[in-house]
Novice: 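Mind having a look at this structure? Questions to follow.
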Amino acid sequence: MTERHPGYRDDCIFCRIAAGEVPCFKLYEDDRVVAFLDINPVNPGHALVVTKRHFADLMETPDAALQAVMPVVRRVARAVRRELEPDGINLHQANGPGAAQSVFHFHVHVVPRRMDDGLAMNWALKPGDRAELASLAARLAAALASGDA
Ligand code: 5GP
Ligand code: ZN
């Protein structure tokens with residue numbers, strides 16, 4: 001049965017998947033969240049956890065929706081760990097073109113990793129400049145305290 005969720009956009013592939021109008025390799029669903037395999041997996045078991053309602057990105061997604069998503073992310077990660085025994089799992093969530101977001105409907109990637117998979121997601125640990133860290137921390141903490149963020 002198909003059901004269009006609030007904010008449904010017919011130009012959004014994840015709205016259409018959430019509505020059951022486009023097929024997917026579904027792993028799980030409840031009234032707020034659907035999880036399915038990414039059609040272009042970077043590694044076997046690469047999954048997406050998606051809000052059923054349309055929110056373009058993290059900034060647009062209300063707390064209640066995020067609170068519904070994260071336990072599902074963990075359950076999917078547990079299933080991936082149990083079934084595929086990866087060496088590790090990365091979570092990935094992109095916002096905006098500079099972050100290579102390609103579907104503008106909130107989702108979290110669950111990415112199983114292998115030691116030798118060569119995926120360019122890791123970076124070398126290089127200590128930051130402490131003065132720069134201190135001034136950025138002060139700026140960001142002030143933005144959070146002001147209630148604007
Ligand atoms: P983003 O680039 O926004 O972080 O991630 C979007 C992801 O959605 C991509 O990894 C892409 O492979 C996946 N994707 C795009 N279209 C479809 C689709 O029709 N079905 C499925 N299962 N995944 C899709
Ligand atoms: Zn959508």
Side-chain angles (χ1 to χ4, degrees), residues 1-128 132-133 136-137 139-141 143-144 147-149:
M1 202 189 77
T2 62
E3 182 198 350
R4 293 182 171 181
H5 298 278
Y8 175 92
R9 296 178 57 132
D10 60 10
D11 61 349
C12 173
I13 185 67
F14 289 175
C15 281
R16 300 189 66 207
I17 288 175
E21 296 169 356
V22 167
C24 68
F25 295 100
K26 195 180 290 179
L27 306 178
Y28 171 87
E29 79 175 304
D30 59 32
D31 54 339
R32 289 171 176 250
V33 178
V34 58
F36 49 88
L37 290 181
D38 195 303
I39 204 73
N40 305 295
V42 290
N43 275 332
H46 177 183
L48 302 171
V49 183
V50 176
T51 54
K52 286 192 166 175
R53 288 184 69 146
H54 181 89
F55 306 108
D57 59 19
L58 176 68
M59 314 313 159
E60 274 196 11
T61 307
D63 286 0
L66 296 175
Q67 284 158 6
V69 163
M70 284 313 285
V72 178
V73 167
R74 184 164 63 176
R75 290 185 64 197
V76 169
R78 279 187 181 140
V80 164
R81 186 178 61 178
R82 182 171 313 154
E83 296 302 315
L84 302 176
E85 299 182 343
D87 298 318
I89 295 173
N90 276 117
L91 302 183
H92 176 69
Q93 195 277 313
N95 300 281
Q101 184 179 8
S102 61
V103 175
F104 289 80
H105 176 131
F106 180 77
H107 56 282
V108 177
H109 296 253
V110 177
V111 184
R113 299 296 308 275
R114 298 283 173 199
M115 294 303 284
D116 59 354
D117 66 12
L119 195 58
M121 198 187 247
N122 300 333
W123 51 89
L125 298 181
K126 189 167 144 251
E132 195 181 332
L133 292 173
L136 270 176
R139 252 173 83 189
L140 296 173
L144 284 162
D148 289 345

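Count residues from 1 along the sequence. Just follow the structure's listing: the first ligand is 1, and inside any ligand the first atom is 1.
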Novice: Say whether L37, considering both its backbone and side-chain N or O atoms, lies within less than 3.5 Å of an N or O atom on ligand 1.
Specialist: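 N/O-N/O distance below 3.5 Å exists for this pair.
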Novice: Have Y8 and D10 got a donor and an acceptor in their side chains that come within less than 3.5 Å?
Specialist: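 D10 and Y8 do not have a side-chain donor-acceptor pair below 3.5 Å.
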Novice: Side chain, backbone, both or neither: which applies to H92 and ligand 1 if a contact is any heavy-atom pair less than 4.0 Å apart?
Specialist: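 Contact part for H92 vs ligand 1: neither.
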Novice: Tell me whether the count of non-hydrogen atoms from other residues, nucleotides or ligands lying under 6.0 Å of OH in Y28 goes above 12.
Specialist: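 Atom OH in Y28 is crowded, with more than 12 foreign heavy atoms closer than 6.0 Å.
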Novice: Is there side-chain contact between E29 and K52, with heavy atoms separated by less than 4.5 Å?
Specialist: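 Contact flag for E29/K52 side chains = yes.
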Novice: Before accepting this row, confirm whether a basic side-chain N of the pair E21/R4 lies closer than 4.0 Å to the acidic partner's carboxylate O.
Specialist: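 Salt bridge present between E21 and R4.
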Novice: Which residues pass the ring pair (Phe, Tyr, Trp, His ring centres under 6.0 Å) test with F55, not counting sequence neighbours?
Specialist: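 Listed in chain order: nothing, the list is empty.
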Novice: Going through the checks in order, is the side chain to side chain contact (heavy atoms under 4.5 Å, CB included) test met by V111 and L119?
Specialist: CA-CA 10 Å; V111 184; L119 195 58; 4.0 Å; yes
Novice: Which ligand 1 atoms does A94 reach within 4.0 Å, using its non-hydrogen atoms?
Specialist: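 Selected atoms, number and element: 4 (O).
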Novice: Around atom 2 (O) of ligand 1, find the nearest protein heavy atom and jot down its residue, atom name and distance.
Specialist: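 Nearest neighbour among protein heavy atoms for atom 2 (O) of ligand 1, to 0.1 Å: S102 OG, 2.6 Å.
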Novice: Output every pair passing ring-ring contact (aromatic ring centres under 6.0 Å, His included) with a member in residues 75-99, not counting sequence neighbours, ordered by first then second residue.
Specialist: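 As it turns out, the ring-ring contact (aromatic ring centres under 6.0 Å, His included) pairs with a partner in residues 75-99, which skip direct neighbours, are H92-H109.
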Novice: Is L58 close to Q101 at the side-chain level, that is, under 4.5 Å between some pair of heavy atoms?
Specialist: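 No, side chains not in contact.
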Novice: Nearest protein heavy atom to atom 15 (C) of ligand 1, by residue and atom, and its distance?
Specialist: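 I find the closest protein heavy atom is V103 CG2, 4.0 Å.
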Novice: Quick check: does N40 get an N/O under 3.5 Å from an N/O on ligand 1?
Specialist: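 The answer is yes, given that N40 and ligand 1 share an N or O pair closer than 3.5 Å.
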Novice: Within a 6.0 Å radius of atom CZ on R114, are there more than 12 heavy atoms belonging to other residues, nucleotides or ligands?
Specialist: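 Enclosed.
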Novice: May I ask you to check whether over 12 heavy atoms, not counting those of R81, lie within 6.0 Å of atom CZ?
Specialist: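 No, not enclosed.
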Novice: Return yes if some donor-acceptor pair links the side-chain N/O of D87 with the main-chain N/O of M115 below 3.5 Å, else return no.
Specialist: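 Yes, because the side chain of D87 sits within donor-acceptor range (under 3.5 Å) of the backbone of M115.
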Novice: Report the nearest protein non-hydrogen atom to atom 23 (N) of ligand 1: residue, atom name, distance rounded to 0.1 Å.
Specialist: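 Checking every protein heavy atom, the shortest distance to atom 23 (N) of ligand 1 gives I39 N, 3.4 Å.
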Novice: Quick one, H105 with T51, criterion side chain to side chain contact (heavy atoms under 4.5 Å, CB included). Give me CA distance, side-chain angles, the key distance, then yes/no.
Specialist: CA-CA 8 Å; H105 176 131; T51 54; 3.6 Å; yes
Novice: Please check whether F14 reaches ligand 1 - meaning an N/O of the residue sits under 3.5 Å from an N/O of the ligand, judged on distance alone.
Specialist: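 Looking only at distances, the answer is no, because the N/O contact criterion of under 3.5 Å is not met.
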Novice: Within less than 4.0 angstrom of ligand 1, does A100 place any heavy atom?
Specialist: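 A heavy atom of A100 does come that close to ligand 1.
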Novice: Which residue and non-hydrogen atom of the protein lie closest to atom 4 (O) of ligand 1, and at what distance in Å?
Specialist: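 Looking at atom 4 (O) of ligand 1, the protein heavy atom closest to it is H109 NE2, 2.8 Å.
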Novice: Give the contacting part of Q93 toward ligand 1: side chain, backbone, both or neither, where contact means a heavy-atom distance below 4.0 Å.
Specialist: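 Answer for Q93: neither.
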Novice: Taking 2.8 Å as the limit, list every protein N, O or S atom around the Zn ion (ligand 2), by chain and residue number.
Specialist: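 Those protein N, O or S atoms (cut-off: under 2.8 Å from the Zn ion (ligand 2)) are C12 SG, C15 SG, H54 ND1, H105 ND1.
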Novice: Among all protein non-hydrogen atoms, which one is nearest to atom 7 (C) of ligand 1, and what is the separation to 0.1 Å?
Specialist: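 Going atom by atom, the protein heavy atom closest to atom 7 (C) of ligand 1 ends up being D38 OD2, 3.4 Å.
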Novice: Return yes when V42 approaches ligand 1 closer than 4.0 angstrom through a heavy atom, no otherwise.
Specialist: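 Checking ligand 1 against V42, which is what was asked, there is no heavy-atom contact under 4.0 Å.
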Novice: Tell me which part of F106 gets within contact of ligand 1: side chain, backbone, both or neither, using heavy atoms under 4.0 Å.
Specialist: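 For F106, no heavy atom sits under 4.0 Å from ligand 1.
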Novice: Is the closest side-chain heavy-atom distance between V49 and L27 below 4.5 Å?
Specialist: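 V49 vs L27: side chains apart.
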Novice: Run down the list V22, I13, I17 and name the one with the heavy atom closest to atom 20 (N) of ligand 1.
Specialist: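 It is I17 whose heavy atom sits nearest to atom 20 (N) of ligand 1.
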Novice: Taking only distance into account, with no hydrogens and no angle test, what donor-acceptor pairs under 3.5 Å do side-chain atoms of residues 36-44 form with protein atoms, sequence neighbours excluded?
Specialist:
unit_1	atom_1	unit_2	atom_2	d
D38	OD1	N40	N	2.8
N43	ND2	P112	O	2.8
N43	ND2	D117	OD2	2.8

Novice: Have a look at ligand 1 and work out which part of F25, if any, has a heavy atom under 4.0 Å from it: side chain, backbone, both or neither.
Specialist: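 Near ligand 1, F25 shows nothing, with every heavy atom at 4.0 Å or more.
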Novice: What is the nearest protein non-hydrogen atom to atom 1 (P) of ligand 1, stated with its residue, atom name and distance?
Specialist: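 Its nearest protein heavy-atom neighbour is H107 NE2, 3.3 Å.
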